[in-house]
Amino acid sequence: MRPETTLDLLAAPAELSAVRRALHDYGADVQLCASELVTNVIQHLGEGVPVTVRVLRDDGGRTRLEVTDPDPRALPVLRATVDVDAESGRGLALLDALALRWGVAHGPGGKTVWCELGPGAPEDGAVPGRGAMSVAASA
């Protein structure tokens with residue numbers, strides 16, 4: 001995969017629309033996943049946390065989105081169910097439904113939550129998702 005776009009920002013609600021605009025050419029699924037992952041940083045680590053958003057693409061059109069933050073302990077948790085009246089808790093479920101697979105990579109000074117999305121809508125109308133989740137340590 002080759003890097004296509006890298007965004008360095010301080011996590012804040014005002015930055016979400018800028019992230020979506022910067023990723024417009026990658027499509028709505030990439031924009032939504034990036035927005036959800038940056039929102040998780042804001043909700044679980046707080047505003048002002050440094051974040052790097054990276055988008056990479058391979059020759060087959062598969063896209064990998066990575067969101068890196070400095071806290072290796074705050075790990076994403078996919079909830080089995082979310083109360084209908086809950087105001088949050090659906091972000092990872094959306095990501096899981098859209099992504100071919102997703103996971104967490106630990107590195108020096110933080111973690112990267114990543115997801116991989118296919119080259120576009122499946123021709124047979126199948127819905128992507130129920131992607132495999134993995135956790136890996138990187139050196």
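All heavy atoms count here, side chains included; hydrogens, waters and symmetry mates do not. Everything numeric here is computed off the predicted structure, so don't read it as measured data.
Across Cys115 and Trp102, no two heavy atoms sit closer than the pair CB-CB, 3.7 Å. Minimum heavy-atom separation, Leu10 to Gly48: CD2-O, 3.4 Å. Between Ala11 and Ile42, the shortest heavy-atom contact is CB-CG1, 3.7 Å. Across all their heavy atoms, His106 and Pro72 have their closest contact at CE1-O, 3.4 Å.
Looking only at side-chain heavy atoms (C-beta outward), Val19 and Ser35 stay at 4.5 Å or farther from each other. Residues Leu65 and Tyr26 have side chains not in contact (no heavy-atom distance under 4.5 Å, counting atoms from C-beta outward). Within the 4.5 Å cutoff, the side chain of Asp69 has no heavy atoms near those of the Pro50 side chain.
In this structure, Asp71 does not pair ionically with Lys111, as no charged nitrogen and carboxylate oxygen lie closer than 4.0 Å.
Rounding to the nearest 0.5 Å places CG of Leu98 at 4.5 Å from CG of Asp29. Annotation: the span from His44 atom NE2 to Thr39 atom OG1 amounts to 9.5 Å, rounded to 0.5 Å. The OG1 atom of Thr68 sits 9.5 Å away from the CG atom of Asp8 when rounded to the nearest 0.5 Å.
For the side-chain contact (heavy atoms from CB on, under 4.5 Å) with Val67, the lone residue among Thr112, Leu37, Asn40 that qualifies is Leu37.
Between the side chain of Gln31 and the backbone N or O of Arg20 there is at least one donor-acceptor pair closer than 3.5 Å.
With no hydrogens or angles considered, a side-chain donor-acceptor pair links Arg57 and Thr63 at under 3.5 Å.
Judged as a side chain to side chain contact (heavy atoms under 4.5 Å, CB included), and not counting sequence neighbours, the contacts of Glu15 are Leu9, Ala12, Ala18. Not counting sequence neighbours, Arg21 has no partner by the salt bridge (Lys or Arg N to Asp or Glu O under 4.0 Å) test.
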Between Leu95 and Glu36, does a side-chain contact (heavy atoms from CB on, under 4.5 Å) hold up when you go through it step by step? CA-CA 8 Å; Leu95 182 136; Glu36 292 299 334; 5.7 Å; no
